[in-house]
There are 2 protein chains.
Amino acid sequence: MSFSTGVFPAGCPSRTVLDHISSKWGVLILLALSEGEQRWSELRRRADGISEKMLAQTLKTLERDGLVSRRAQTVIPPRVDYSLTSRGYELSALLVPLVTWAFQNADDIINGQRDPA
Amino acid sequence: MSFSTGVFPAGCPSRTVLDHISSKWGVLILLALSEGEQRWSELRRRADGISEKMLAQTLKTLERDGLVSRRAQTVIPPRVDYSLTSRGYELSALLVPLVTWAFQNADDIINGQRDPA
DNA sequence: CGGTATCCTAGGAGATACTG
DNA sequence: CAGTATCTCCTAGGATACCG
């Protein structure tokens with residue numbers, strides 16, 4: 001492994017990036033968008049349980065990070081579509097196997113919770 | 001994609017699992033351990049910036065999840081080694097590419113932060 | 001060395017109400 | 001529809017001190 005999986009310092013950019021993409025909602029949004037461009041309201045449904053505030057915040061962060069792009073149309077009623085940038089798509093490709101794994105192993109993991117009898 | 005990357009409900013096990021493994025420190029610990037068994041103090045150095053409290057807490061969660069196993073030797077001075085279970089190893093294999101990507105793209109992402117001039 | 005126990009606070013996160 | 005503003009609550013997480 002080239003970056004030597006070991007220590008990387010506390011304040012370095014990779015830490016920040018890691019925080020953004022492994023944020024509670026970040027993963028879910030990225031994942032939802034990996035299926036294609038979607039509107040605000042659709043994202044809200046997909047990231048089940050997210051509040052408007054968190055959706056807005058997460059989308060902004062991801063946009064600033066250049067992972068998501070926002071396309072607004074000034075029509076009535078307003079319509080805004082979000083999609084992955086190419087970089088975002090690259091990332092989502094890495095995220096999908098992870099979530100798939102989590103999904104497949106979730107029941108085992110949670111049920112297998114043996115209390116230290 | 002079999003699980004249909006879309007909605008998965010708010011309280012379901014996969015969400016919990018996702019939270020555990022995408023916790024701020026979870027990733028770092030899992031990653032450090034992917035290089036092999038390590039002692040408490042070594043993990044502390046590797047997960048640069050982690051507090052004792054968070055290290056203990058994270059390790060417990062990961063242990064409960066069956067991802068990490070703990071081997072204590074009752075000697076003086078005490079020695080405790082942590083390592084990945086086979087399931088943990090499976091997971092870390094998915095995490096490594098993700099972190100590698102984050103590491104490689106971090107500077108671009110953080111620097112490219114164009115203020116909406 | 002490998003932890004617990006305790007205290008404390010910044011900000012993550014939800015609820016509600018309002019706007020272009 | 002697609003947000004912003006505000007208020008509040010809660011807990012993740014750090015600092016410190018102590019223990020087997």
Side-chain angles (χ1 to χ4, degrees), chain A residues 9-12 15-30 32-33 36-65 68-83 115-116, chain B residues 7 9-12 15-30 32-33 36-65 68-83 116:
Chain A
C12 74
R15 286 287 194 93
T16 309
V17 172
L18 224 40
D19 277 2
H20 291 180
I21 66 190
S22 74
S23 76
K24 175 167 187 169
W25 300 112
V27 187
L28 262 2
I29 298 295
L30 254 6
L33 287 177
E37 189 169 62
Q38 269 157 87
R39 312 179 58 167
W40 168 276
S41 45
E42 206 166 347
L43 286 173
R44 259 205 98 178
R45 274 187 299 102
R46 298 223 155 195
D48 187 34
I50 198 171
S51 65
E52 299 195 332
K53 181 186 167 185
M54 280 302 107
L55 180 52
Q57 200 177 106
T58 306
L59 283 171
K60 269 182 193 159
T61 303
L62 295 177
E63 205 190 342
R64 279 180 58 87
D65 286 352
V68 162
S69 79
R70 186 192 124 108
R71 193 169 49 106
Q73 299 169 57
T74 41
V75 296
I76 306 288
R79 176 186 181 110
V80 182
D81 294 87
Y82 292 90
S83 56
D115 34 358
Chain B
V7 188
C12 75
R15 286 288 193 94
T16 310
V17 171
L18 223 41
D19 277 2
H20 290 180
I21 66 191
S22 75
S23 76
K24 176 166 186 170
W25 299 111
V27 189
L28 261 4
I29 298 294
L30 253 7
L33 286 176
E37 189 169 63
Q38 269 157 86
R39 311 178 59 167
W40 168 275
S41 45
E42 206 166 346
L43 287 173
R44 259 204 97 180
R45 275 187 298 100
R46 295 224 159 195
D48 188 34
I50 198 172
S51 66
E52 299 195 332
K53 180 185 169 186
M54 280 305 107
L55 180 51
Q57 199 175 109
T58 306
L59 283 171
K60 268 182 193 159
T61 302
L62 295 177
E63 205 191 342
R64 279 179 57 88
D65 286 352
V68 161
S69 78
R70 185 193 124 109
R71 193 169 50 103
Q73 299 169 57
T74 42
V75 294
I76 307 289
R79 177 186 180 110
V80 183
D81 294 87
Y82 292 91
S83 56

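Quick note on labels: first sequence line is chain A, next is B, and so on, each numbered from 1.
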Could you give the [atom1]-to-[atom2] distance, from [X] to [N], as a whole number of Å?
{"X": "Arg79(A)", "N": "dC1(D)", "atom1": "CZ", "atom2": "C1'", "answer": "11 Å"}
{"X": "Arg45(A)", "N": "dC1(D)", "atom1": "CZ", "atom2": "P", "answer": "11 Å"}
{"X": "Trp40(B)", "N": "dG20(D)", "atom1": "CH2", "atom2": "C1'", "answer": "14 Å"}
{"X": "Arg44(B)", "N": "dG14(D)", "atom1": "CZ", "atom2": "C1'", "answer": "11 Å"}
{"X": "Ile76(A)", "N": "dA2(D)", "atom1": "CD1", "atom2": "P", "answer": "12 Å"}
{"X": "Asp48(B)", "N": "dG13(D)", "atom1": "CG", "atom2": "P", "answer": "16 Å"}
{"X": "Ile50(A)", "N": "dA2(D)", "atom1": "CD1", "atom2": "P", "answer": "14 Å"}

### Query
Within the structure shown, what part of the strands sits under 4.0 Å from Arg70(A) by heavy-atom distance: base, sugar-phosphate, or nothing?
sugar-phosphate
### Task
Give, ordered by number, those residues of residues 53-62 of chain A having at least one heavy-atom distance below 4.0 Å to an atom of DNA chain C; if nothing qualifies, reply none.
Lys53(A), Met54(A)
## Note on the structure
Assert: residue with more 5' nearest nucleotide on DNA chain D, out of Arg39(A) and Ser23(B), is Arg39(A)
Heavy-atom pair of closest approach, residues [X] and [Y]:
{"X": "Arg44(B)", "Y": "Ile50(B)", "value": "NH2-O, 3.8 Å"}
{"X": "Ile29(B)", "Y": "Ala47(B)", "value": "CD1-CB, 4.0 Å"}
{"X": "Ala32(B)", "Y": "Leu43(B)", "value": "CB-CD2, 4.0 Å"}
{"X": "Glu52(A)", "Y": "Trp40(A)", "value": "O-CH2, 3.8 Å"}
{"X": "Ala72(A)", "Y": "Val80(A)", "value": "CB-CG2, 4.0 Å"}

### Message
Restricting to side-chain hydrogen bond (donor to acceptor under 3.5 Å, both in side chains), what partner residues turn up for Arg79(B), sequence neighbours left out?
### Response
Asp81(B)
### side-chain hydrogen bond (donor to acceptor under 3.5 Å, both in side chains) involving Ser51(B) - partner list, sequence neighbours excluded
none
### Query
Residues in side chain to side chain contact (heavy atoms under 4.5 Å, CB included) with Ser23(A), at least two apart?
none
### Message
Suppose we screen for salt bridge (Lys or Arg N to Asp or Glu O under 4.0 Å). Which residues come up paired with Arg15(B), at least two apart in sequence or across chains?
### Response
none
### Query
Of all nucleotides in DNA chain C with an atom under 4.0 Å from a non-hydrogen atom of chain A, which is the first and which the last going 5' to 3'?
dA13(C) to dG20(C)
### Query
When you match Trp25(A) and Glu52(A) each to their closest nucleotide on DNA chain C, which lands nearer the 5' end?
Trp25(A)
